[in-house]
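Scroll down for the structure; my scribbles are underneath it.
Chain identifiers are assigned alphabetically (A, B, ...) following the order of the sequence lines, protein sequences preceding nucleic acid strands; residue numbering begins at 1 within each chain.
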2 protein chains.
Amino acid sequence: MEPLTKRQAEILALIRKFQAESGRPPTRAEICEAFGFSSPNAAEEHLRTLARKGAIEMIPGLSRGIRVLKTQRGVDAAEPGLPVVGRVAAGSPILAEENVEERYQVDARLFSPRADYLLRVRGHSMRDAGILNGDLLAVHRAAEAASGQIVVARLDNDVTVKRFQRRGHTVRLLPENPDFEPIEVDLRNEPFAIEGIGVGVIRTKPR
Amino acid sequence: MEPLTKRQAEILALIRKFQAESGRPPTRAEICEAFGFSSPNAAEEHLRTLARKGAIEMIPGLSRGIRVLKTQRGVDAAEPGLPVVGRVAAGSPILAEENVEERYQVDARLFSPRADYLLRVRGHSMRDAGILNGDLLAVHRAAEAASGQIVVARLDNDVTVKRFQRRGHTVRLLPENPDFEPIEVDLRNEPFAIEGIGVGVIRTKPR
DNA sequence: GCCAATACTGTATATCTAACCAGGCTTCGG
DNA sequence: CCGAAGCCTGGTTAGATATACAGTATTGGC
């Protein structure tokens, strides 16, 4: 989605708020009233811009034919449920909008510590820890971890799930499957960061 | 809320569905289209009746000025969340109150088919299917199952989770762990019933 | 300096929408 | 048998709404 100006973001926020409170999208006139515009064209132009930038969809001819396209919002907004993160684009923050597939309505407090998001796991390297290909790993955001914990780690633009082990300057990322090899990272000259700690698993399809 | 006729309940259901899918309430004309009415008055009268009976609110003069008042709590939308079943008392129905430990706020529609309850799994017999001791198995209530599905089965007052296999009069309950032995049941002279089908897993503690 | 984009005012209009009127058909209780 | 309520057709209209066109002013990049 193209970046929005401050004013455009305000308009988008109003559309969201209006819809959440009243159950219907606003008309041009209602947007004008909220912002003090005296011409419906002011609202119309903002809507067109938002549509062009991909923030909303406009259905021609329909009253209140506005759809907010992306549920957007990262961690801060108190939206119910947890964002599901699929493939993580190289270099982008893990909760960047482009990585969020959808939201699942799951109580974050089920997990302890609290889950911040769900990461869709690819591959079989954690099979013996009961984490299968396609599973959702409930992740608590953290930059530190204790040895033995299952972590979401970022190394050189690759995000992976492994069991964490640290000895001095060396970090070992251990798979839970004898078919895979441990990864060794020298913290002095290789990029490494912990994105979070695995606090649970959700599998929505039986195996 | 006064009781609704069958037709009125259908109209109300459509309003809910329309709003959930499009983000806006329907117009009279859109209701007509959905039901095949040829006059907007048919929709108008239904809306008035629904408003009189307290099911919806109508805001005069506004396009799409319909608000569904109660989230309804009938058969379909009972208590939110899923009941967690722990140890199942001998002979009692699996969802009997005495077996329900608590309720977890999880969207039942995450799973397909829909989950009806969560069963806390004891033991390691399904380890290689990624179902560990202490995990919650999301269960869809069913009395039948296809071979190869993971089922919750009741045999002689014992409830167990295994992979289901049937050949004529014989049912085999297969563990997913070489340390355990398959269970064979002769349907002609041994008690056996399927309680449900496993449709997912939730693990609230990392391993 | 100039063009494009943003951010509005002001006006106009075709059409969408809510809302009303008149009437037909059926069911059900008194 | 009657009246009321549910359920619908057909048609009408005031006003709500989307959308186009003509301007003005400001800002930032080239």
Any side-chain N or O of [X] below 4.0 angstrom from OP1/OP2 of [N]?
X: A:S63; N: D:dA16; answer: no
X: A:R28; N: D:dT17; answer: no
X: A:T49; N: C:dA5; answer: no
X: A:R7; N: C:dA7; answer: no
X: A:R52; N: C:dT6; answer: yes
X: A:K53; N: C:dA5; answer: no

Within this structure, what is the [atom1]-to-[atom2] distance between [X] and [N], rounded to whole angstrom?
X: A:I31; N: D:dT17; atom1: CD1; atom2: P; value: 12 Å
X: A:F35; N: C:dC8; atom1: CZ; atom2: C1'; value: 13 Å
X: B:R24; N: D:dA18; atom1: CZ; atom2: P; value: 11 Å
X: A:R48; N: D:dT17; atom1: CZ; atom2: P; value: 18 Å
X: B:E33; N: C:dC16; atom1: CD; atom2: C1'; value: 14 Å
X: B:L47; N: C:dA19; atom1: CG; atom2: C1'; value: 11 Å
X: A:I59; N: D:dT17; atom1: CD1; atom2: P; value: 16 Å
X: B:E30; N: C:dA18; atom1: CD; atom2: C1'; value: 13 Å

Q) Hey, are the side chains of B:E30 and A:L62 touching, using non-hydrogen atoms and a 4.5 Å cut-off? A) yes

Q) Would a distance-only check, ignoring hydrogens and angles, find a side-chain to backbone donor-acceptor pair under 3.5 Å from B:R64 to B:P25? A) yes

Q.
Under a 3.5 Å distance rule, please check whether A:E44 uses its side chain to pair with a backbone N or O of A:P40 as donor and acceptor.
A. no

Looking only at side-chain atoms of [X], point me to the closest of [options].
X: B:M58; options: C:dT6, C:dA19, D:dC8; result: C:dA19
X: B:E44; options: C:dT17, D:dA18, C:dA19; result: C:dA19
X: A:H46; options: C:dA7, D:dT19, D:dC8; result: C:dA7
X: B:P40; options: D:dG11, D:dC8, D:dT17; result: D:dG11

Q: Kindly give the heavy-atom pair with the smallest separation between B:R203 and A:F111, and that separation in Å.
A: O-CE2, 3.4 Å

Q.
Looking at A:R7 and A:E10, is there a salt bridge between them, counting it only when a charged N and a carboxylate O are closer than 4.0 Å?
A. yes

Q. So what does A:Q8 hit on the nucleic acid, given a heavy-atom distance under 4.0 Å: a base, only sugar-phosphate, or nothing?
A. sugar-phosphate

Q: For B:S39, answer base if it contacts any base atom (sugar-phosphate contacts may also be present), sugar-phosphate if it contacts only those atoms, and nothing otherwise; contact means non-hydrogen atoms under 4.0 Å.
A: base

Q.
Check this for me: does the side-chain of A:N41 come within 3.5 Å of the base of C:dT11 through a donor and an acceptor?
A. no

Q) Considering heavy-atom distances to DNA chain D, does B:S38 or B:G61 have its closest nucleotide positioned more toward the 5' end? A) B:S38

Q.
If you assign each of A:L62 and B:K6 to its closest nucleotide in DNA chain D, which residue comes earlier from the 5' end?
A. B:K6

